[in-house]
Amino acid sequence: MQPSEMVMNPKQVFLSVLIFGVAGLLLFMYLQVWIEEQHTGRLEKRREQKATSVTTEKIQEHITNQKPKFLMPEDLKEKKENLLLNPERTTKGLTKTSHSQGQDQALSKSTGSPTNEFIETHQGAKTLFKKLSKMNWPLDIHPLNKSLVKDNKWKKTDETQEKRRSFLQEFCKKYDGASYPQSHLFHMVSRIYVEDKHKILYCEVPKAGCSNWKRILMVLNGLAPSAYNISHDAVHYGKHLKKLDSFDLKGIYTRLNTYTKAVFVRDPMERLVSAFRDKFEHPNSYYHPIFGKAIIKKYRPNACKEALINGSGVRFKEFVHYLLDSHRPVGMDIHWEKVSKLCYPCLINYDFVGKFETLEEDANYFLQLIGAPAELKFPNFKDRHSSDERTNAQVVRQYLKDLTRTERQLIYDFYYLDYLMFNYTTPLL
């Protein structure tokens with residue numbers, strides 16, 4: 001074929017352009033329809049996910065019977081706003097600051113709903129779930145069974161105990177159950193240890209005598225002959241004790257309503273300083289690399305390379321900055337978490353409220369109440385760092401001296417609910 005014959009005439013060019021144009025238009029129309037279908041599909045999927053989420057939230061709300069938002073009386077809200085404007089003032093109202101945002105990440109063990117899993121995997125769960133959905137929260141408070149107490153020497157301790165229980169109960173009524181953000185049942189009971197033989201539920205509050213309480217539970221369970229022969233590692237890492245969240249819903253509900261429930265608390269500021277001293281002033285293969293490095297990196301300008309590598313030497317002021325930061329570089333920890341978020345004392349009515357300040361007396365009275373062996377006494381030794389002075393009010397004052405008045409006030413605000421619930425004296429700030 002000659003080159004002259006390969007040249008297309010204008011008519012052929014026009015037809016070629018027309019054909020390609022029509023093909024392009026058809027392709028564009030097809031793509032547009034496909035994109036719309038995909039978009040519609042996504043919207044439908046999102047609606048389904050949203051509907052599922054709403055259903056799950058309603059299930060959880062039936063179990064906990066809580067409101068999804070933290071409620072405060074209007075006059076107390078005003079006082080909270082005044083504090084933000086004038087942080088030097090002592091707060092007198094019930095508050096909940098933004099410092100608690102994001103702190104469940106270190107406490108929560110699962111992202112799925114245990115309730116849904118239970119319904120799917122247990123026979124007859126629908127009937128049980130209907131019963132559990134009708135649970136009234138908070139659970140009814142029961143009078144202590146004092147028939148096993150033979151000695152009159154506990155009269156004063158008993159009077160103190162009744163006052164503490166009444167105070168907590170009245171507080172929870174006054175503030176509408178001190179409503180918490182929604183939490184499912186399994187998370188609410190995740191810090192509660194179970195001793196079936198004597199029908200005890202003990203909510204663990206770290207730095208409030210919990211190590212020796214676990215020793216007592218191990219002896220009551222028949223796992224050891226004496227509380228004095230159990231090592232720290234056996235107590236905390238041996239996994240000898242059962243927790244309430246390891247039972248199914250029926251097991252949890254039955255125990256909550258029939259067992260004697262105890263919680264032991266401590267002055268919040270004292271507990272915080274005790275936790276800092278324990279975790280950051282002694283060698284620690286977990287808290288230094290996990291918490292220490294993150295705290296030093298964010299809150300210490302011009303930190304040396306060694307501190308950034310090993311995380312040792314965190315200062316109390318830096319630790320406080322981490323605690324009060326709504327955008328913490330690492331999550332919360334049970335050793336300085338609020339008791340109100342560890343044990344939910346306005347949703348779980350505890351039969352016994354002990355205090356670290358009267359720990360030995362309270363604990364031994366409780367052992368009498370539950371019918372423990374007469375020879376079993378609560379151990380009074382220090383679990384670790386026995387050569388260190390115990391953290392007391394005088395030690396706390398030394399640590400608070402390094403903080404500004406505003407920082408001290410904000411710590412108080414952070415633990416305000418604990419101060420209020422357990423009738424602790426407002427610290428001198």
N-O pairing of Asp362 and Lys355 below 4.0 Å: no
Any donor-acceptor N or O pair under 3.5 Å, side chains Gln409, Asp413: yes
Under 3.5 Å side-chain donor-acceptor pair for Tyr259 and Asp196: yes
Check: Asp158/Tyr365 side-chain N/O donor and acceptor closer than 3.5 Å: yes
Shortest non-hydrogen contact between Cys203 and Leu342, atoms and distance: SG-O, 3.9 Å
Residue from Leu367, Leu220, Val219 passing side chain to side chain contact (heavy atoms under 4.5 Å, CB included) with Pro373: Leu220
Donor on one side chain, acceptor on other, Thr391 and Glu270, under 3.5 Å: no
Side chains of His321 and Lys317 in contact at under 4.5 Å (non-hydrogen atoms): yes
Parallel, tilted or perpendicular: ring planes of Phe280 versus Phe291, cut at 30 and 60 degrees: perpendicular
Where Arg215 and Ala227 come nearest, the two heavy atoms and their spacing: CD-O, 3.1 Å
Ser211-His232 side chain donor-acceptor pair, cut-off 3.5 Å: no
Tyr416 ring center within less than 6.0 Å of Tyr412 ring center: yes
Euclidean distance, Tyr424 OH relative to Arg271 CZ, rounded to 0.5 Å: 10.0 Å
Beyond-backbone contact of Phe276 with Val320, side-chain heavy atoms, under 4.5 angstrom: no
Proximity of Phe264 and Phe352 rings by center, below 6.0 Å: yes
4.5 Å side-chain heavy-atom contact, Leu308 and Lys293: no
Shortest non-hydrogen contact from Asp418 toward Pro268: CB-CG, 3.9 Å
Contact check, side chains of Ser190 and Lys243, non-hydrogen atoms, under 4.5 Å: no
Pair Leu217-Leu223, side-chain contact (heavy atoms from CB on, under 4.5 Å): steps then yes or no: CA-CA 9 Å; Leu217 294 178; Leu223 299 171; over 6 Å; no
Steps toward side-chain contact (heavy atoms from CB on, under 4.5 Å) verdict (Leu241, Met218): CA-CA 7 Å; Leu241 299 171; Met218 290 175 70; 3.8 Å; yes
Minimal non-hydrogen separation, Tyr299 against Pro329, with atom names: OH-CD, 3.3 Å
Derivation and outcome, side-chain contact (heavy atoms from CB on, under 4.5 Å), residues Phe366 and Ile200: CA-CA 10 Å; Phe366 180 78; Ile200 301 168; 4.0 Å; yes
Nearest heavy atoms of Cys343 and Ile348, plus distance in Å: O-CD1, 3.9 Å
Lys173 side chain reached by Gln169 side chain, heavy atoms, under 4.5 Å: yes
Non-hydrogen atoms of Lys341 and Tyr344 that approach each other most closely: O-CE1, 3.4 Å
Flag side-chain contact, heavy atom, 4.5 Å: Lys338 against Phe414: yes
Salt-bridge contact Glu159-Lys156 (side-chain N to carboxylate O under 4.0 Å): no
Check: Trp336 and Met332 side chains under 4.5 Å, non-hydrogen atoms: yes
Rounded distance [0.5 Å steps], CZ in Arg390 versus CZ in Arg277: 10.5 Å
Distance-only side-chain donor-acceptor flag, Asp325 / His327, under 3.5 Å: no
Verdict with reasoning, Phe356 to Asp267, per side-chain contact (heavy atoms from CB on, under 4.5 Å): CA-CA 8 Å; Phe356 186 81; Asp267 177 272; over 6 Å; no
Donor on one side chain, acceptor on other, His282 and Asp388, under 3.5 Å: yes
Atom pair NE2 (His335) and OG (Ser274), whose distance is rounded to the nearest 0.5 Å: 9.0 Å
Ionic contact status for Lys377 with Glu360, cut-off 4.0 Å: no
Phe186 vs Leu249 side-chain heavy atoms within contact, under 4.5 Å: yes
Ring centers of Tyr415, Tyr419 separated by less than 6.0 Å: no
Contact list for residues 190-209, test ring pair (Phe, Tyr, Trp, His ring centres under 6.0 Å), sequence neighbours left out: Tyr202-Trp213
Inter-residue atom distance Arg300.CZ - Ile295.CD1, 0.5 Å rounding: 10.0 Å
